[in-house]
**Q** 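Quick one: the structure is below, and I'll ask about it shortly.
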Amino acid sequence: ITVPDLQAYAQQGKTPLYFGSADGKYLGAIAAADVLKPDSVCAVAAMKKLHLKVVMLTGDNENTAKAIGSQAGVDEVIAGVLPDGKENVIRRLKQSGRVAMVGDGINDAPALTRADIGVAIGAGTEVAIDCADVVLSGNTLSGVVDAIKISRATLRIIKQNLFWALFYNAICIPVAAGALYPLFAVSLSPMIASAAMSF
């Protein structure tokens, strides 16, 4: 019996699995497939709108990974990678800029640790959750987009607060110390200083 060519399944994002007997006879084959989560395509598109490069890093075979990556709309697919290989890929990507790694399995743990920011999916394994910097409560990629938006907004607010605190102090401290009093008889009441600081 000849073994059928199941490459067509691989190109559809399905992994062909062959079965044989102990004496080497072909018994049959099945094709297994990971189904894209409903929000994956939208989440990848949202990440791209945030000017992020989205890379799919997987241990799956290359044909299957490329088919899934194409459906999801990722920028690059790196397939057939073992756990230590994932860490090496993250190390290489870090040479081009900051890297966030999203994962949920034991195989992702080394890469989650190596990345600048490791993000574990909430329904992932304990090892992935322990290795991550951020753990999402949900089980979808849209949580990654929300986390990025929240972190960017938080950083923007911190920068604004630092600017206004420095601006306030640069102007108000000399005035409160009496720098303008000899020339203009202007001083700063502690109550006004307190209100300005609160503002």
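For clarity, every value in this text was computed on a predicted model and none was experimentally measured.
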**Q** Is there a donor-acceptor pair closer than 3.5 Å between any side-chain N or O of N61 and the backbone N or O of T64?
**A** yes
**Q** Quick check on the hydrophobic clustering: are L36 and V102 connected, directly or via other members, by side-chain heavy-atom contacts under 4.5 Å?
**A** yes
**Q** Can you find a pair of side-chain heavy atoms, one from I68 and one from M56, that are under 4.5 Å apart?
**A** yes
**Q** Linking I/L/V/M/F/W/Y whenever their side-chain heavy atoms sit closer than 4.5 Å, directly or via other members, would V99 and L50 fall into one cluster?
**A** no
**Q** Could you tell me whether I106 atom CD1 has more than 12 heavy atoms of other residues or ligands within 6.0 Å of it?
**A** no
**Q** Within a 6.0 Å radius of atom CD on E76, are there more than 12 heavy atoms belonging to other residues, nucleotides or ligands?
**A** yes
**Q** Using modelled atom types and a 3.5 Å cut-off, is there a donor and acceptor pairing between side-chain atoms of D39 and backbone atoms of T140?
**A** no
**Q** Nearest 0.5 Å, what's the CZ-CG distance between R98 and L52?
**A** 12.0 Å
**Q** With a 4.5 Å heavy-atom cut-off, do V55 and I78 have their side chains touching?
**A** yes
**Q** Could you give all pairs that pass the side chain to side chain donor-acceptor pair (under 3.5 Å) test and reach residues 107-130, with sequence neighbours left out?
**A** K86-D108, E87-R114
**Q** Are any non-hydrogen side-chain atoms of T58 and V81 less than 4.5 angstrom apart?
**A** no
**Q** For the residue pair V119 and V135, establish whether any side-chain heavy-atom pair is separated by less than 4.5 Å.
**A** no
**Q** Is it the case that over 12 heavy atoms from other parts of the model lie below 6.0 angstrom from the NZ atom of K53?
**A** no
**Q** From F19 CZ over to I30 CD1, what is the distance, rounded to the nearest 0.5 angstrom?
**A** 4.0 Å
**Q** In this structure, would L82 and L57 fall into the same cluster of hydrophobic residues linked by side-chain contacts under 4.5 Å?
**A** no
**Q** Taking all heavy atoms of C131 and all of A109, pick out the closest pair and write down the distance.
**A** SG-CB, 3.7 Å
**Q** Is the shortest side-chain heavy-atom distance between V144 and M47 below 4.5 Å?
**A** yes
**Q** Test your reading of the model: is there a side-chain donor-acceptor pair from K37 to the backbone of N139, 3.5 Å cut-off?
**A** yes
**Q** Looking only at heavy atoms, what is the nearest atom pair of L141 and A43, with distance?
**A** CB-CB, 3.6 Å
**Q** Determine whether a donor-acceptor pair (N or O, by modelled atom type, separation under 3.5 Å) exists between the side chain of K94 and the backbone of V89.
**A** no
**Q** Search all heavy atoms of A179 against all heavy atoms of P182 and return the closest pair with its distance.
**A** O-CD, 3.8 Å
**Q** Check this for me: F167, atom CZ, are more than 12 non-hydrogen atoms of other residues, nucleotides or ligands nearer than 6.0 Å?
**A** no
**Q** Nearest 0.5 Å, what's the CG-CD1 distance between L136 and I129?
**A** 10.0 Å
**Q** Provide the full list of side chain to side chain donor-acceptor pair (under 3.5 Å) pairs with a residue in residues 145-165, sequence neighbours left out, each pair given once.
**A** none
**Q** Are the side chain of D133 and the backbone of G118 linked by a donor-acceptor contact shorter than 3.5 Å?
**A** yes
**Q** I need the I171 CD1 to L166 CG distance, nearest 0.5 Å.
**A** 11.5 Å
**Q** Would you compute the distance between atom CD1 of I157 and atom CG of L162 and round it to the nearest 0.5 angstrom?
**A** 12.0 Å
**Q** Write down the atom of A128, the atom of A120, and the distance for their closest heavy-atom approach.
**A** O-CB, 3.7 Å
**Q** What about V74 and I148, same hydrophobic cluster or not, with Ile/Leu/Val/Met/Phe/Trp/Tyr joined at side-chain heavy-atom distances under 4.5 Å?
**A** yes
**Q** Should I90 and V77 be counted in the same cluster of Ile, Leu, Val, Met, Phe, Trp and Tyr side chains packed under 4.5 Å apart?
**A** no
